[in-house]
A.B. asks: 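I'd like to ask you about the structure that follows.
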Amino acid sequence: MRGRNRQILIGGLVIVTGIGYLIWAGTQQALVYFYTPSEIQAKEGERMGKRIRLGGLVVEGSLTHAPETLSYAFQLTDGGARIPVRFKGIPPDLFKEGAGAIVEGQMGADGVFDADLIMAKHNEEYRPPSGDRPPPQELYRSLIKGERS
Amino acid sequence: MDRLGVTLGLGAGALVVAGLWMGLVQAPPDAVQGEVQRIMYLHVPSILTAYLAFTVVLVCSIGYLVRGTRGWDRLAHASAEVGVVFTAITLFTGAIWGKPTWGVWWTWDARLTGTAVLFLVYLGYLMLRSVVEDQDRAGRFAAVVGILGFFDMIFTHMAVEWFRTLHQPSSLQRGTIDTALRLPLYVNLLAFVVLYAYFLTRRLRLAALDEAIEARDLGG
């Protein structure tokens, strides 16, 4: 019986460790859901070639679009750094200048982020049409957490 | 049908109709998202009602572990079942809302992952009850899951405040939703809470009948 109990104990430990690792690995990815442009700039070499998410506001006046190739070029900012991004495909309707966006892809060798997916990040404000837009500081604050004032 | 059940059923029906009319017709569209934002009137009341359901599961699970009487366990079981339904509605409406606004049906950010885990934990709670033969044992095991699941609920709710997510923070909590859109939301929330109470009475009645049949079979 002793040996059998030990077997059960070891089996149980393996399963618990396995589940624990899956949860840990999963939350590591989920908790740092995206990097900010400042973080990317600070550690550019480290994340080169790795598949990551980058989130920020689309810089006003930076968005260019070539309709015949479906390619887009724009910059993302968190108020500090700006990272240029290129993308080929169809972005969501809410993707526009001055709005929040999270892109998936990797940092190119030329310092331009190669995105293959654009997600529009809207904020928690709901109001009827017409009315003033909140100031950009408000948008940065609602977009990037952790450094709220 | 008993009087409480009829009253709750009719009340829920009337409130759901009123809430849908307010949300789909009377409320203005959102300035940024347009008409698609109206999914909020289903999405938000569903999850808040699920939170209520799982809070009832927590209280009743503790009650059952302390007192050991069938009533607590029956109420926890019924509430968990209804909560799972409302969580499923939240996940579905969230995906339908996510595609046109975010551009994706699903993504593994902390809020969405937490909600998926919430759904699975309480689904596991129901499965656990069905595989353990002895009712009292099933009740005790399930009560532990019912208490642990509550922590995931808190995590899921706070995820949008604690971590970077694609999902935006709670508009109700931050007071960033215009009155014209907030009032219909409250009416829908009330409708869903009454609907929850109605489902709960039906489920409890079913459980009582189930146990009566079982007792008769054992006795006869």
Side-chain angles (χ1 to χ4, degrees), chain A residues 19 22-23 25-36 39 52-56 72 78 87 89-96 98-104 115-134 138-148, chain B residues 23 26-41 44 97-117 152 155-156 158-185:
Chain A
I19 292 174
L22 283 178
I23 291 174
T27 46
Q28 286 298 304
Q29 205 205 349
L31 296 189
V32 187
Y33 182 68
F34 63 86
Y35 295 107
T36 64
E39 288 167 346
I52 53 169
R53 293 192 193 95
L54 164 68
Y72 292 78
D78 50 8
F87 170 77
I90 302 166
D93 290 348
L94 294 187
F95 172 75
K96 55 176 185 272
I102 296 172
V103 295
E104 262 181 42
D116 50 41
L117 176 71
I118 295 180
M119 292 178 281
K121 179 167 165 58
H122 59 83
N123 63 8
E124 69 276 22
E125 302 220 356
Y126 295 108
R127 65 202 140 78
S130 93
D132 305 320
R133 283 180 65 79
E138 273 301 298
L139 289 174
Y140 293 133
R141 190 188 49 72
S142 72
L143 188 75
I144 299 151
K145 277 169 283 288
E147 50 263 35
R148 234 180 303 141
Chain B
Q26 182 252 334
D30 177 58
V32 178
Q33 297 184 23
E35 304 289 345
V36 74
Q37 180 269 339
R38 296 179 190 278
I39 299 176
M40 180 188 75
Y41 299 116
V44 174
W97 194 1
K99 184 61 183 170
T101 51
W102 297 340
V104 288
W105 300 99
W106 184 265
T107 188
W108 294 103
D109 81 350
R111 168 54 80 81
L112 275 65
T113 308
T115 314
V117 171
D152 181 56
F155 170 87
T156 301
M158 294 310 294
V160 288
E161 299 287 342
W162 292 342
F163 313 111
R164 288 178 197 160
T165 53
L166 178 60
H167 196 290
Q168 71 286 0
S170 164
S171 307
L172 282 176
Q173 227 164 297
R174 293 201 171 180
T176 52
I177 176 167
D178 193 275
T179 317
L181 290 80
R182 195 172 55 217
L183 288 182
L185 185 60

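In what follows, every chain begins at residue 1, and chains take the letters A, B, ... in the order their sequences are listed. Heavy-atom basis, side chains included; hydrogens, waters and symmetry copies ignored.
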A.B. asks: Just verifying a value: how many Å separate A:E125 CD and B:Q168 CD, rounded to the nearest 0.5 Å?
C.D. replies: 11.0 Å
A.B. asks: Report the distance from atom NE2 of A:H122 to atom CD of B:Q37, rounding to the nearest 0.5 Å.
C.D. replies: 9.0 Å
A.B. asks: Kindly check if the number of other-residue, nucleotide or ligand heavy atoms within 6.0 Å of CG (B:L183) is above 12?
C.D. replies: yes
A.B. asks: As an exercise, state the distance from OH of A:Y33 to OG1 of B:T165, rounded to the nearest 0.5 Å.
C.D. replies: 8.5 Å
A.B. asks: Is there a donor-acceptor pair closer than 3.5 Å between any side-chain N or O of B:S171 and the backbone N or O of A:E124?
C.D. replies: yes
A.B. asks: So, for A:P128 and B:D178, which heavy atoms are closest and what is the spacing to 0.1 Å?
C.D. replies: CD-CG, 3.4 Å
A.B. asks: If you count heavy-atom pairs under 4.5 Å with chain A, which of B:A31, B:P28, B:A180 comes out on top?
C.D. replies: B:A31
A.B. asks: Please step through side-chain contact (heavy atoms from CB on, under 4.5 Å) for the pair A:R53 and B:L166, ending with a clear verdict.
C.D. replies: CA-CA 11 Å; A:R53 293 192 193 95; B:L166 178 60; over 6 Å; no
A.B. asks: Quick one: what part of A:I90 sits under 4.5 Å from any heavy atom of chain B, side chain, backbone, both or neither?
C.D. replies: neither
A.B. asks: Tell me, for B:L181 versus chain A, whether the close heavy atoms (under 4.5 Å) come from the side chain, the backbone, both or neither.
C.D. replies: side chain
A.B. asks: Chain A: which of B:V117, B:L172, B:T107 shares the most heavy-atom pairs with it under 4.5 Å?
C.D. replies: B:T107
A.B. asks: Quick one: closest heavy-atom pair of A:R127 and B:D30, and the distance?
C.D. replies: N-OD1, 3.0 Å
A.B. asks: Calculate, to the nearest 0.5 Å, the distance between atoms OH and CZ belonging to A:Y35 and B:R164 respectively.
C.D. replies: 9.0 Å
